[in-house]
Structure formats: structure tokens, C-alpha cells
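Comments concern the structure below.
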Amino acid sequence: MSKKITKRSDDFSRWYNDIITHADLAENSGVRGCMVIKPYGFAIWEQMKSVLDKMFKDTGHVNAYFPLFIPKSFFTKEAKHVDGFAKECAVVTHYRLKNNDTGEIVVDEDAKLEEELIVRPTSETIIWDTYKRWIKSYRDLPLLINQWANVVRWEMRTRLFLRTSEFLWQEGHTAHSTSEEAVEETKKILDIYINFIQKTLAVPVIFGTKSDNERFAGAEETYCVEALMQDGKALQAGTSHFLGQNFAKAFDVKYASKEGKLEYVWASSWGVSTRLMGALIMTHSDDLGLVLPPILAPIQVVLIPIYHSQDEFKEITLKLKEISDVLKSKNIRVIEDFKDTRKPGWKFSEYELKGVPIRIAMGPKDVKNDSVEIFRRDTLSKQNVKIVDIAQHIEDTLDSIQKKLFEKAKKFNKENTHYADNFEDFKEKINLGGFVYAHWDGTSDTENTIKKITKATIRTIPLNEKSEKGICVYSGKPSTRRVVFAKSY
RNA sequence: CGGGGUAUAGCGUAGUCCGGUUAUCGCGCCACGUUUGGGACGUGGAGGUCGCAGGUUCGAAUCCUGCUACCCCGACCA
């Protein structure tokens, strides 16, 4: 064992970092707080992108691209929005370098920008400045646009994928003629996120709205998707915001209605980021390495020959090649690892570390039996399967892995969801980790106090929970519904 | 941004307190041979501005100053 992964039980953060480095997903770069996403990690992200992109397009959205830089004056137009992001903005102030007296390269102070440019932490402002020119009539609505981009938020403390100063995401920005339609869009996207994260990432989620404290800067309402990681901490996996007319008013975006009246448009914005990579890792992976749901796995099946002589090598690789072709014809992502520079044992470990869902090994014994050995990454179980049955078996197994991973995570989620009705109990449950459903009086004060004492925040005010009379777990004031508390990333 | 810690070969490290020949060990890498059903073994070999910049000293990985990056804990956040 040359690549040793810290056990989850020993040190969860270290385990997380070990998975990322040893599975070749990403690494820290020479730039503070910014990561390099390595080819294997990026391939997973690309897989996410392609599934999600299709979901957006199927619901009438189109992609576009807006600038990286936002003039400060645009940025400051929506008051709450600036408040929310001001503390973490990278600002471009100059546009040229020069050699100084000692030959050093320095910023040319003469090349100062008249107006500073903000490196986008999100694109609402530049986009609404644009929409102002695009939207004139009710006939221009709805406007349903998404962009895949990078954004920069100058974070104090960064962690690979979970929080980096620069990250990749998609941000959707839509404009509508009525409030109802904008809210409907916001919820439609929430559904897409729930669906995507549960079906594709196999990560179970809860969803709902955010409290005032946690709401997006400039939004009327923020809907969110929250997942639970193996260490019992919650991770916000996606957000969808109903922006009301806030940005329309800030950027004076009006349309002429059918009745010929000028009205401000209604808006939504929504996004998920490379943070989903973190959710994926921390939901499924184990002490042997990464575990990937088949839909996202860049490599779904790896073929490994086991042989002694060159004759055996030829015979076995020929048969494996045939299997490979059959699987490829079924659109299964398969690779043949016939390199003779590594021993089978080494390859086994390597692909386990990288989370490849299925490994097919074939050795002399298998040749005799017209079978192969099939190994499942999720259950670590081995099975001999006749070659004639291989295609069906692999297809079924990939499906089964995808389902099992979700079920397993769902089970964990359930086992770590608690209810608390008094504060002592609440503190205890929060310390156990996981989600805690409790009554809350609806005030920021109470939320802040609870946060101070327990470090837990309201992750979401669930949408589909039945209302239930009770008293706030902290203040004792009356409450009509439970909200979800957890410590979070 | 505050508090603590770390930085020595591609990776992990010893040496640092108490300055003194040629900087330790393991993994990995290269060559050859034997191996190949769970990260093989033997022999030989290559690889270092000791994070960067100054300073103290006859002499610095080791002492001093500054800087940078990373890790852990807080505040902030997707």
C-alpha cells in the first residue's frame, strides 16, 4: 500500500483531502485559495454539467456568456446585494505593468482605471444591466438564460471544492412578466436541482426556503437544497432565488404589458457549483477511496487482464477486447487497462481509489470457464459471470450501484435526522451531528443565539412538512412548524 | 482577518532545542533479472538553490528578521 488514506473515523477532513489528492481530482495551486481541477476530477464535473445542461435546455433555457468584470457602479446599484458580497470581492484597479528603475515588474500607477472593475462574485448586476436593453415588451418575456462560468469570492478559509476563492458554476437568470411566473420558475429549478442531485449524484436531499439570515443578498425568497455529509454536517448543494423586482428596479428594467402599461419585470436566479463535487465525495466515498455513482463516473467499467505468459496475455486481452466492444456498443464507458507495467493488484487498488464502479478481471481460470470476475466498488463484492451474460449483467449492475448508493445515503440521512422539543435535548442532538427538526419562533435573534451556543444554523424551512403546533425550542414562544437545524459546511 | 502549527528529492519524513565533514530513512522514479488471481522481490542507479529574501557567524537545514504558501481552530461564506 503506497497510497494511504486517512480513515474517516480518525480525521474526516484529512480523509476528504486524501480522497481528492489520491483519486487525482484536484490540488491546491500556487494561487492562494484557488485549486487546480485535474483531468479526472474535471471529467466528473463535465459529466454533471452535461446532465444538468440538458435538464435546463429541456425546460426552455438557453446558454449565454456575460463578462467576468463588473463595473463598480453596476455592482453597487442593489443595496442589499452589495452588502452581501462587498467583503469578498476581488477588485481590478490597474490595467498595465511596467519595469521600474531596478528592472522589477511593477504595477504602472499611471494605468489606473477610471472605474474599478469587480471580478464577478455572481452576475446579477451585469446581467440586469444587459436585460435592460433586451426587454421592452411582454413579447420579450420570459427570458430564460443560463451561463456556465467561473466566479470569485475572496474567502478567508478555503477547502478543495467546498470553498475556494475561484469556483465554477452555472448561474441562471430569468425575467418574467408576473410575480407568479417568476416564483414558478424558481420552484421549477428547485425541482430540477432536487432531481439532479438525487438521481444523478445519488445524494439524498431535503429542501425548502432559507431564513432571513441565510437568504441570498438581494432576494425576496431563497429556496435551497441541503444534503447531509458522512460526518453529520449539512452541505448546501444548490440555491434558487426569487428576486422579486429588486434588480428590475435597481436597473430600471420595465416592459410594456398587453395593456400598454410600463411594468417592472420579475426575476429569478439560481446556481449550483463545483461544490457538488464535495457533496459527491463526502456522501459516498469510503476508507478505500472515492466511490462514484455510475451516471457520473468517467470510467464505468475497467478491464484488467491477469496473465503469466505472453500467450496468455494475447488470449486474454483478445477476449477482453471483445467484451469491451460489446459494452461500448451499449454506451457504457469502459477502458481497457492492458499495461504490462503494473501488476493486477496494483491496478485493483488504483481503480478502487478512483471510484470506478465496476472492475472486470480475467485470468487463466476465467478463460477456462468462459467467465470473468466482476467486482463492485460500492459493496466490494466479487462475482463470476459467464461472458455470454456480460452486457446484461453490467447494465443491471450499473443500475443497481446507482440505486444502492442512493439508498445507502438515504438510510444514513434518516438515521441522522432527529427531533428535539426542548433546548437540552436540542443541544445533545446537534452534537450528535445530522439534521435536527425543531420548532423555532421565526426571529433572527433566536436563530443567532442558537448559532452562538450550538454552532448550528437553520439549514432550511422545509416546504413539504405538515404544519404542527409547538413551542420554539429556545424561546418557548409559539411556533407553527418545525425547521431544520444542523452544523454546516 | 485573529490564534496555533508546518515548510528538507515527485510524496511522506529524520536532523532544528544545543550551528561543525559527503543532509537521514521509506515510498515512488530509472536499469537489469526473477515475478504477475489484491499495491511483488533482489541488485544497481538517478534525483536536493533544506519554502523565498535578508542578516548573525570562520561555518547556517539548524540562530535572528521579513515575506509567501499550506494545515488546524475562530469570525465570514455556495
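These numbers come from a predicted model, not from an experiment. In what follows, every chain begins at residue 1, and chains take the letters A, B, ... in the order their sequences are listed.
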CG-CD distance between L398(A) and Q300(A), expressed to the nearest 0.5 angstrom: 5.0 Å
Residue pair N213(A) / K451(A), side-chain heavy-atom distance below 4.5 Å: no
Base paired to rU16(B) (Watson-Crick or G-U; both N/O distances under 3.5 angstrom): none
Interatomic distance at P, rA60(B) relative to rU43(B), whole Å: 38 Å
Touch class at under 4.0 angstrom, heavy-atom based, for G33(A) against every strand present: sugar-phosphate
Whole-Å distance separating the CD atom of E312(A) from the P atom of rG37(B): 12 Å
Any strand: nucleotide that pairs with rU21(B) via Watson-Crick or wobble, under 3.5 Å: none
Closest listed nucleotide, where the reference is the side chain of R157(A) and the choices are rU36(B), rG74(B), rG38(B): rG74(B)
Centroid separation Y489(A) to F161(A) less than 6.0 Å: no
Residue closer to the 5' end of RNA chain B, S309(A) versus E226(A) (nearest nucleotide): S309(A)
Any strand: nucleotide that pairs with rG42(B) via Watson-Crick or wobble, under 3.5 Å: rC32(B)
Counterpart residues, side-chain hydrogen bond (donor to acceptor under 3.5 Å, both in side chains), relative to N146(A) (two or more places apart): N63(A), Q170(A)
Presence of K455(A) side-chain N/O under 4.0 Å of rG74(B) phosphate oxygens OP1/OP2: yes
Touch class at under 4.0 angstrom, heavy-atom based, for K365(A) against every strand present: base
Aromatic ring proximity F348(A)/W346(A), centre distance under 6.0 Å: no
W270(A)/F56(A) aromatic ring centres below 6.0 Å: yes
Sugar-phosphate, base or nothing in reach of F216(A), heavy atoms under 4.0 Å: nothing
Between rG12(B) and rG28(B) - P atom distance, rounded Å: 15 Å
Given rC76(B), rC70(B), rG38(B), the nucleotide with the shortest approach to the side chain of R359(A): rG38(B)
Sugar-phosphate only, base, or nothing, as touched by Q236(A) at under 4.0 Å among non-hydrogen atoms: sugar-phosphate
Per F348(A) side chain, nearest of listed nucleotides rC72(B), rC76(B), rG38(B): rG38(B)
Sugar-phosphate only, base, or nothing, as touched by T164(A) at under 4.0 Å among non-hydrogen atoms: base
Nucleotide of rC70(B), rG39(B), rG37(B) approaching E373(A) most closely (side-chain heavy atoms): rG37(B)
Closest to the E350(A) side chain, choosing from rC76(B), rG39(B), rC72(B): rG39(B)
Separation between the P atoms of rG42(B) and rG5(B), rounded to whole Å: 41 Å
Sugar-phosphate only, base, or nothing, as touched by L162(A) at under 4.0 Å among non-hydrogen atoms: base
Sugar-phosphate, base or nothing in reach of D366(A), heavy atoms under 4.0 Å: base
Paired nucleotide for rC11(B) [Watson-Crick or G-U wobble; both distances under 3.5 Å]: rG26(B)
Side chain of E352(A) (C-beta onward), nearest among rG39(B), rG38(B), rC71(B): rG38(B)
Proximal nucleotide (of rU35(B), rC72(B), rG38(B)) relative to the F375(A) side chain: rG38(B)
Pair up each side-chain donor or acceptor in residues 380-389 of chain A with any protein partner under 3.5 Å, not counting sequence neighbours, and list the distances.
residue, atom, partner, partner atom, Å
S381(A), OG, T379(A), OG1, 2.7
K386(A), NZ, N369(A), O, 2.7

P-based separation of rG15(B) from rG20(B) [nearest Å]: 14 Å
Touch class at under 4.0 angstrom, heavy-atom based, for T239(A) against every strand present: nothing
Complement of rC63(B), any strand, by Watson-Crick or G-U distances under 3.5 angstrom: rG55(B)
Given rC76(B), rG37(B), rG39(B), the nucleotide with the shortest approach to the side chain of K451(A): rC76(B)
S13(A) or R459(A), whichever maps to the more 5' nucleotide of RNA chain B: S13(A)
Sugar-phosphate, base or nothing in reach of R342(A), heavy atoms under 4.0 Å: sugar-phosphate
